[in-house]
Each structure stands twice: as structure tokens, then as C-alpha cells.
Trainee: 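Sharing a structure, written as C-alpha cells. Questions coming.
Lettering of chains follows the sequences in order, A, B, ..., and the numbering in each one begins at 1.
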Protein chains: 2
Amino acid sequence: MADHSEEPLDPEQLAAYFAVMEVAGLLRHGVEEQLRDEGDLSFVQFQLLAVLGLDSPAGSRSMTELADRIVFSRSGLTYQAGLLEKAGLVSRAPAAHDERGVTVSITAEGRERLERVLPGHVDVVRSLFLSALPAQGSAALTELLAPVRDHMRSQPPRSRTPRRRRGSSRP
Amino acid sequence: MADHSEEPLDPEQLAAYFAVMEVAGLLRHGVEEQLRDEGDLSFVQFQLLAVLGLDSPAGSRSMTELADRIVFSRSGLTYQAGLLEKAGLVSRAPAAHDERGVTVSITAEGRERLERVLPGHVDVVRSLFLSALPAQGSAALTELLAPVRDHMRSQPPRSRTPRRRRGSSRP
DNA sequence: CGTTGATGCTTCGAATTCGAAACAACTATG
DNA sequence: CATAGTTGTTTCGAATTCGAAGCATCAACG
């Protein structure tokens with residue numbers, strides 16, 4: 001089990017790995033503070049509103065799409081969607097063609113809240129993150145990371161317990 | 001309060017921001033699974049052992065250094081350090097010159113555990129992250145992100161409640 | 001050396017997070 | 001259309017996380 005290639009990472013690769021994790025962590029903290037202070041939102045809640053409001057066809061997504069997009073557990077999403085719904089920022093309704101599914105939609109109030117925090121949010125991202133990037137830095141970053149993201153997304157879709165393999169494995 | 005520059009981020013910058021956050025999130029999930037399965041460690045615990053074992057002068061750091069480095073709350077660190085100590089992977093002792101401080105050191109057992117999970121950890125990072133980077137990708141990434149990290153680190157040191165400003169502000 | 005404020009860490013209670021198990025609706029198969 | 005397996009979501013209890021408040025020590029200053 002778990003046969004590992006003995007090769008350690010060279011320091012350069014380790015550094016890249018740690019840099020990504022650390023930058024994301026620091027950025028998240030900075031952003032969380034602003035969101036809490038100015039919009040009474042957690043980062044996850046903001047992400048949900050942002051994905052729904054800024055990057056969804058009709059302001060709607062299925063729970064699974066959201067969980068995979070925002071990157072965390074489905075059960076956690078159920079919880080947060082419940083909070084947002086209670087706050088009137090999103091609504092939930094059974095999915096169109098699949099009775100099991102739930103479609104989450106951002107409400108007008110949700111859009112308001114999003115608009116309210118966005119400027120400050122952008123400020124924080126700018127001052128913490130973008131200001132330390134060189135001229136074409138953000139483009140270069142995206143070019144490097146987008147394929148990585150896509151690659152990872154295509155892997156075991158995250159948040160999905162592989163409840164059992166299809167055919168193989170022992171009875 | 002909170003005067004915001006109205007300028008929105010251009011899409012390119014937004015994309016970079018989201019890409020970093022998403023890659024870090026996905027990578028963290030992947031890595032967490034492996035650490036849990038093969039080493040019975042949370043990601044935070046692994047980070048603590050890694051910083052102590054691989055990037056600390058004598059395998060020791062103060063609580064504050066660790067909290068700032070690993071990026072999370074001081075109280076959370078107290079909790080995790082407690083768990084690691086109970087598991088015998090680190091030890092805690094009052095700091096040398098400051099009676100208030102606590103110095104955390106990795107134990108032999110801690111190093112063992114670290115060695116045990118490292119190969120699998122490296123495999124995951126490689127297959128999830130590095131494999132999707134082009135040739136000089138990791139170097140380029142580090143070059144871009146290292147200044148960002150340093151910039152952020154120099155900001156309000158994280159995890160430090162600014163309990164009150166020095167002179168200014170109202171009484 | 002006493003006072004006042006700053007700093008390092010821990011305790012506390014509340015909120016969030018997770019994975020596993022439970023449910024329910026779908027889908028292929030026979 | 002009954003059956004068995006799959007998939008979308010929620011429930012559950014346990015573990016982790018947080019920020020605020022609390023404690024103890026340090027440092028500056030009179």
C-alpha cells in the first residue's frame with residue numbers, strides 16, 4: 001500500500017507549495033477581517049454570494065456545484081446555505097429536473113450585501129495582494145495556476161466520498 | 001470611515017486572486033486526506049511539525065512565531081500544541097529569556113512521524129500540484145509569491161489583536 | 001521600586017467545520 | 001415495473017476554530 005517515490009521535492013518546489021499555501025492563508029485572514037467588520041459575513045458566505053452573484057448564469061447554482069467551487073464539505077455548505085437563507089441573502093428551491101437537487105439563488109438582498117462589501121473587499125485584496133505583484137504579475141499568476149486548478153478539479157471531485165468503487169475491489 | 005477607491009478590480013486581477021485561493025483550498029484538501037490516512041495528523045499539525053523539523057534552527061520556535069508562520073489564531077495554536085504535546089510529538093518549555101514565552105520543540109518521535117508522512121505528502125503535492133506546472137513553473141511561482149508573502153507578513157502581524165492603539169484614539 | 005501600558009500565552013464559550021451515516025430520488029438492468 | 005446501485009443533500013456528533021477576556025510577565029518611566 002501507498003508506494004511512494006522516494007524522491008524528495010527539491011527546495012524550489014517545496015518553496016512554491018508553501019508560498020501558495022501561505023499567501024492564501026494570509027490573504028484569507030485579511031479579507032475575513034474586512035468582511036466581518038463591514039458586512040457581517042464570513043469568508044465562506046462571501047464566496048457563496050460572490051459565486052452566485054458574479055459568476056453564475058441566473059444567480060443560481062446547485063449545492064454540489066457550490067461545494068465543489070468554494071471547496072469545502074457538502075455538510076458545511078448545507079450549514080452555511082441555511083444561515084444565508086435565514087438571513088434572507090439566498091433562497092433554496094428544489095432543482096428543476098431532479099427532485100433530489102437543491103438550487104440556491106442569490107436574492108436581491110443578497111446582491112445588496114455583496115455590493116456593500118465588495119469595494120472594501122477589493123481594497124483589501126489590492127493592498128495586501130496585488131500591490132506586491134509586479135506589472136504583469138496577476139496575468140502570469142493566473143496563467144500558472146489556472147491549469148493547476150483545472151487539473152485538481154478534474155481529480156476526485158472533492159467533497160465526494162467515493163462511496164464504493166464501481167466494479168472492482170473485493171465483495 | 002472605510003473610504004474605498006471605487007475602482008473595481010479588473011477581471012485579470014480577480015482571476016489571480018481566486019486562482020490562488022482555490023488552488024490552495026484544493027491542495028489543502030488533497031493533502032489533508034493523505035495526512036489523515038497515513039499519519040493521523042491534521043494539516044495544521046503537519047505544518048507545525050514541518051516548520052519545527054524542517055525549517056527551525058534547533059527544532060524550536062516560540063508560540064507566536066509558529067502562529068504567525070502557520071497562520072492562524074493564537075488560541076488555536078495553544079489547542080493544537082496541546083494535542084501534539086499529548087501525543088508526544090512536541091514539547092513545550094518556558095522560553096529562555098522571557099518568562100512569559102513558551103518554546104515549542106519537536107521531539108524525536110515528532111521527527112519520526114514527520115518522516116513517516118513526508119513521502120506520501122510529497123507524492124500528493126507532486127501529483128496534484130507540481131505535475132500541472134510547466135518546467136520552470138515552481139520557480140516562477142515562488143518568484144511571484146514570495147514578495148507577496150513578505151509584504152503581507154510585514155502588515156499587522158496577523159493573529160495579533162491590536163488591543164489598543166498607542167497614543168491616538170479616544171479615551 | 002511602584003505604576004502604567006504592552007506583550008505572550010491560555011481559558012472560555014460560541015460558531016464553524018468535518019466525515020460518516022442516513023435519506024431520498026434517480027437510473028440502469030432485468 | 002421491481003431491484004440494486006448511484007448520486008444529491010441533510011443530519012448527526014465530534015473536533016476544530018475563532019475572538020474576547022483573563023493572567024502573568026516584561027519594559028518604560030517617574
Trainee: Take the protein atom CD1 of B:Ile70 and the nucleotide atom P of D:dC18, then report the distance between them rounded to whole Å.
Mentor: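 After rounding, the reported distance stands at 12 Å.
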Trainee: So which heavy atom on A:Glu12 is nearest to which on B:Ser138, and how close?
Mentor: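 Between these two residues, the closest heavy atoms are OE2-OG, 3.3 Å.
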Trainee: In whole angstroms, how far is the P atom of C:dT16 from the CG atom of A:Leu77?
Mentor: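 One finds 14 Å between P of C:dT16 and CG of A:Leu77, rounded.
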Trainee: Could you tell me the separation between the CG atom of A:Leu83 and the C1' atom of C:dA14, rounded to a whole number of Å?
Mentor: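 After rounding, the reported distance stands at 13 Å.
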Trainee: What's the closest nucleotide to the B:Thr78 side chain, out of D:dT17, C:dT10, C:dA20?
Mentor: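 So the side chain of B:Thr78 is nearest to C:dT10.
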Trainee: Do you know which two heavy atoms are closest between B:Arg153 and B:Asp68, and how far apart they sit?
Mentor: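 Nearest heavy atoms, B:Arg153 then B:Asp68: NE-O, 4.4 Å.
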Trainee: Any sub-3.5 Å donor-acceptor pair from B:His151's side-chain atoms to A:Ser127's backbone N or O?
Mentor: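 Confirmed, B:His151 side chain pairs with A:Ser127 backbone.
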Trainee: B:Tyr79 OH to D:dG19 P: how many Å, rounded?
Mentor: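 Roughly 17 Å, once rounded to whole Å.
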Trainee: Could you give the CZ-to-P distance, from A:Arg36 to C:dT16, as a whole number of Å?
Mentor: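 About 11 Å, once rounded to whole Å.
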Trainee: Counting distance only, does the side-chain N/O of A:Glu22 pair as donor-acceptor with the main-chain N or O of A:Ala19 below 3.5 Å?
Mentor: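 Absent.
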Trainee: Short of 4.0 Å, heavy atom to strand atom, which residues of residues 91-102 of chain A count as contacting DNA chain C?
Mentor: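 Contacts with DNA chain C under 4.0 Å: A:Asp98, A:Glu99, A:Arg100.
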Trainee: Let's test your reading of the model: under 3.5 Å, does the base of D:dG19 pair with the side chain of B:Ser73 as donor and acceptor?
Mentor: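 Per atom types, no contact qualifies.
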Trainee: Are any side-chain N or O atoms of B:Thr103 and backbone N or O atoms of B:Arg61, one a donor and one an acceptor, separated by less than 3.5 Å?
Mentor: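 Answer holds: no.
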Trainee: Under 4.0 Å from OP1 or OP2 of D:dT9: is there any side-chain N or O of A:Thr64 that close?
Mentor: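 The answer is yes; a side-chain N or O of A:Thr64 sits under 4.0 Å from OP1 or OP2.
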Trainee: Would you mind reading off the distance between A:Met63 atom CE and D:dG8 atom C1', rounded to a whole angstrom?
Mentor: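 For the pair A:Met63 CE and D:dG8 C1', the rounded distance is 9 Å.
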Trainee: Measure the distance from CZ on B:Arg74 to P on D:dA21 and round it to the nearest whole Å.
Mentor: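 Rounded to the whole Å, the gap is 17 Å.
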Trainee: If you take all heavy atoms of B:Ser56 and B:Ser60, which pair is closest and at what distance?
Mentor: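 Shortest heavy-atom contact: CB-O, 3.7 Å.
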Trainee: For the pair B:Glu38 (side chain) and B:Leu35 (backbone), establish whether a donor and an acceptor sit closer than 3.5 Å, ignoring hydrogens and angles.
Mentor: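 Checking the backbone N and O of B:Leu35 against the side chain of B:Glu38, no donor-acceptor pair under 3.5 Å is found.
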Trainee: Aromatic contact between B:His121 and A:Tyr17, with the criterion being ring centroids under 6.0 Å apart: yes or no?
Mentor: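 Ring-ring flag for B:His121/A:Tyr17: true, centres closer than 6.0 Å.
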Trainee: Mind calculating the distance between CD (A:Glu32) and P (D:dT17) to the nearest angstrom?
Mentor: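 It is 13 Å, rounded to the nearest whole Å.
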Trainee: Report the residue (B:Ser62 or A:Gln80) whose heavy-atom-nearest nucleotide on DNA chain C is the more 5′ of the two.
Mentor: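 The residue whose closest nucleotide sits nearer the 5' end is B:Ser62.
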Trainee: Donor-acceptor pair, distance only, cut-off 3.5 Å: does the side chain of A:Arg74 make one with the backbone of A:Met63?
Mentor: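 No, the answer is negative, given that no donor and acceptor are paired below the 3.5 Å cut-off.
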Trainee: Could you check whether any side-chain N or O of B:Arg113 sits under 3.5 Å from a backbone N or O of B:Gly39, counting only pairs where one atom can act as donor and the other as acceptor?
Mentor: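 Yes, because the side chain of B:Arg113 sits within donor-acceptor range (under 3.5 Å) of the backbone of B:Gly39.
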Trainee: Is the backbone of A:Ala16 close enough, under 3.5 Å, to the side chain of B:Thr142 for a donor and an acceptor to pair up by distance?
Mentor: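 Yes, because the side chain of B:Thr142 sits within donor-acceptor range (under 3.5 Å) of the backbone of A:Ala16.
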Trainee: Counting only non-hydrogen atoms, which of residues 45-58 of chain B are less than 4.0 Å from DNA chain D?
Mentor: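 Under 4.0 Å from DNA chain D: no residue of residues 45-58 of chain B.
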Trainee: Where the side chain of B:Arg111 meets the backbone of B:Gly53, is there a donor-acceptor pair that is under 3.5 Å apart?
Mentor: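 Yes, the answer is positive, given that a donor and an acceptor are paired below the 3.5 Å cut-off.
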Trainee: Find which nucleotide of DNA chain D each of A:Glu65 and B:Ser42 is nearest to by heavy atoms, and output the residue with the more 5' nucleotide.
Mentor: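 That would be A:Glu65.
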Trainee: For the helix from C:dC1-D:dG30 to C:dG30-D:dC1, what is the angle between the axes at its two ends, each from 5 pairs, rounded to 10°?
Mentor: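 Inter-axis angle at the termini of the helix from C:dC1-D:dG30 to C:dG30-D:dC1: 30°.
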